[in-house]
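Since the model is a prediction, treat every value here as computed from it, not as a measurement. For the single chain, residues carry numbers from 1 onward in sequence order.
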Amino acid sequence: MTQFLTQDSPIPPYMAFPRFLLDKDGLSETAKILYTVLLDRARLSQKNDGWSDEQGHVFIFFPIKSLTETMHKSEMSIKTALSALEKENLIVRRRQGAGFPNRIYIKYPLEALAQTDRNLSVRQIDSCPTDGTKTVSVTERKLSSSNKEKNNMKRTNTESKDERTAYGSYQNVFLSVEELISLQKVVPHYQEYIEKLSSYMASSGKQYSNHAATIRSWVLRDHPAPVKRTYECKEDESL
């Protein structure tokens with residue numbers, strides 16, 4: 001079921017298409033969409049700590065199997081598109097060792113940052129002031145203060161759900177960036193536990209309300225803290 005878009009309609013989630021890709025005739029449509037997906041994921045890394053290397057370069061993890069499911073493409077198509085993006089110097093892949101996904105670094109042409117829409121409509125000009133004032137959409141102008149508060153609450157709830165990213169072979173382990181970084185610090189083989197949880201939930205149909213907490217509990221179960229022995233004795237007792 002579809003409906004007409006009105007001024008008060010919430011816009012569905014979307015990824016901005018990088019305008020400079022329109023001039024990349026050597027790239028296939030699959031490669032262009034793949035770059036858009038990778039760039040969208042890189043924005044999350046850019047906003048959170050722990051997702052940049054010693055040089056300050058932002059990276060992401062996005063296994064090929066996950067990309068095939070996200071884009072509904074074959075593994076061969078994804079590999080071909082990744083190679084094409086690498087040839088165009090738009091991404092760099094670096095190996096992290098056996099069993100670990102490659103780090104993917106997203107690159108972009110410097111001239112792309114200067115591209116803007118040359119022909120703006122009257123409404124766009126009204127929404128893009130040049131005097132340094134804050135941009136206010138037409139919809140927000142029409143909302144009363146109470147409606148604004150309700151919209152802000154809905155937006156906050158939606159963003160909190162969208163902050164978690166799917167991991168694992170079956171893309172069913174959901175972790176926020178903070179949870180993933182915390183697991184990296186305290187669990188040496190955290191990726192093995194992510195895969196273990198992903199496979200277990202897919203095969204058993206069991207669900208957990210907090211996947212990070214589940215992984216931590218499994219780690220404690222597999223590696224219990226050593227029991228501290230005391231050698232103190234009470235008065236009139238001997239060891």
Side-chain angles (χ1 to χ4, degrees), residues 13-28 30-71 73 75 77-116 159-160 162-169 171 173-195 198 211-212 215-216 219:
Y14 69 95
M15 292 178 287
F17 184 83
R19 193 171 287 105
F20 73 87
L21 289 179
L22 296 174
D23 299 325
K24 295 286 185 181
D25 296 331
L27 290 177
S28 66
T30 299
K32 292 178 181 179
I33 296 175
L34 175 58
Y35 180 84
T36 304
V37 171
L38 296 177
L39 183 62
D40 185 68
R41 175 67 68 87
R43 287 194 180 98
L44 292 176
S45 297
Q46 189 181 40
K47 295 177 181 178
N48 295 277
D49 296 331
W51 293 91
S52 58
D53 59 17
E54 295 78 7
Q55 288 76 39
H57 299 157
V58 171
F59 63 85
I60 64 174
F61 291 125
F62 217 141
I64 290 180
K65 184 180 178 81
S66 300
L67 284 171
T68 60
E69 296 174 354
T70 299
M71 294 187 57
K73 296 288 184 179
E75 188 172 310
S77 297
I78 296 298
K79 288 182 177 180
T80 301
L82 286 171
S83 297
L85 292 175
E86 221 163 18
K87 186 176 180 181
E88 286 286 334
N89 199 28
L90 291 177
I91 66 169
V92 173
R93 289 181 287 176
R94 293 180 181 169
R95 295 183 179 276
Q96 299 301 303
F100 294 91
N102 292 335
R103 279 186 178 183
I104 303 178
Y105 292 83
I106 314 302
K107 305 180 72 176
Y108 58 88
L110 291 177
E111 60 272 16
L113 296 179
Q115 290 182 347
T116 57
E159 289 174 353
S160 63
D162 294 340
E163 283 177 358
R164 282 181 166 77
T165 303
Y167 295 93
S169 299
Q171 291 290 282
V173 178
F174 293 92
L175 301 168
S176 67
V177 174
E178 291 78 9
E179 289 172 337
L180 183 61
I181 293 175
S182 178
L183 288 176
Q184 290 174 339
K185 292 179 180 179
V186 300
V187 183
H189 305 290
Y190 70 96
Q191 289 182 324
E192 294 180 8
Y193 279 94
I194 290 176
E195 290 299 329
S198 179
H211 294 164
I215 291 175
R216 285 175 175 271
V219 172

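- Summarising the geometry, atom CD1 belonging to Ile215 is positioned 11.0 Å from atom OH belonging to Tyr167; distances are rounded to the nearest 0.5 Å.
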Using distance only, find each side-chain donor-acceptor pair of residues 57-68 under 3.5 Å and give its atom names and separation, not counting sequence neighbours.
unit_1: Ser66; atom_1: OG; unit_2: Gln171; atom_2: NE2; d: 2.7
unit_1: Thr68; atom_1: OG1; unit_2: Lys65; atom_2: O; d: 2.5

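- In this view, Lys24 and Glu88 satisfy the salt bridge (Lys or Arg N to Asp or Glu O under 4.0 Å) rule, not counting sequence neighbours.
- Going from atom CZ of Arg41 over to atom OG1 of Thr36 covers 14.0 Å, rounded to the nearest 0.5 Å.
- Shortest non-hydrogen contact noted between Ala212 and Glu179 is CB-CD, 3.8 Å.
- Going from atom CZ of Phe174 over to atom OG of Ser198 covers 9.5 Å, rounded to the nearest 0.5 Å.
- To the nearest 0.5 Å, atoms CD1 (Ile33) and CE (Met71) are separated by 5.5 Å.
- Rounding to the nearest 0.5 angstrom, the gap separating the CG atom in Leu85 from the CG atom in Leu90 is 6.0 Å.
- Take Lys79 and apply the salt bridge (Lys or Arg N to Asp or Glu O under 4.0 Å) test, not counting sequence neighbours, and it matches Glu75.
- Judged by the 6.0 Å and 45° rule, Arg94 forms a cation-pi pair with Tyr105.
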Donor-acceptor pairs under 3.5 Å, side chain of residues 180-189 to any protein atom, not counting sequence neighbours: which ones?
unit_1: Ser182; atom_1: OG; unit_2: Arg216; atom_2: NH2; d: 2.4
unit_1: Gln184; atom_1: NE2; unit_2: Tyr190; atom_2: OH; d: 3.1

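- Dense packing is recorded around NZ of Lys32, with more than 12 heavy atoms of other residues, nucleotides or ligands lying under 6.0 Å away.
- Of all the heavy atoms in Leu34 and Ala81, the pair that sits closest is CD2-CB, 3.6 Å.
- Of the possible polar contacts, none joining the His211 side chain to the Leu175 backbone as a donor-acceptor pair under 3.5 Å is found.
- Side-chain contact check for Pro18 versus Tyr108: every heavy-atom pair is 4.5 Å or farther apart.
- Glu195 pairs by the salt bridge (Lys or Arg N to Asp or Glu O under 4.0 Å) definition with nothing, not counting sequence neighbours.
- Arg95 contributes atom CZ, which lies 15.0 Å from atom CZ of Arg103 (distance to the nearest 0.5 angstrom).
- A side-chain donor-acceptor contact under 3.5 Å links Asp53 to the backbone of Gln55.
- Remark: Glu192 pairs with no residue by the salt bridge (Lys or Arg N to Asp or Glu O under 4.0 Å) rule, at least two apart or across chains.
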### Message
With side chain to side chain contact (heavy atoms under 4.5 Å, CB included) as the criterion, how do Leu38 and Ile91 come out once you've worked through the C-alpha distance, each side chain's angles and the decisive distance to 0.1 Å?
### Response
CA-CA 9 Å; Leu38 296 177; Ile91 66 169; 4.1 Å; yes
### Arg93 vs Leu82, side chain to side chain contact (heavy atoms under 4.5 Å, CB included): CA-CA, chis, key distance, verdict
CA-CA 9 Å; Arg93 289 181 287 176; Leu82 286 171; 3.6 Å; yes
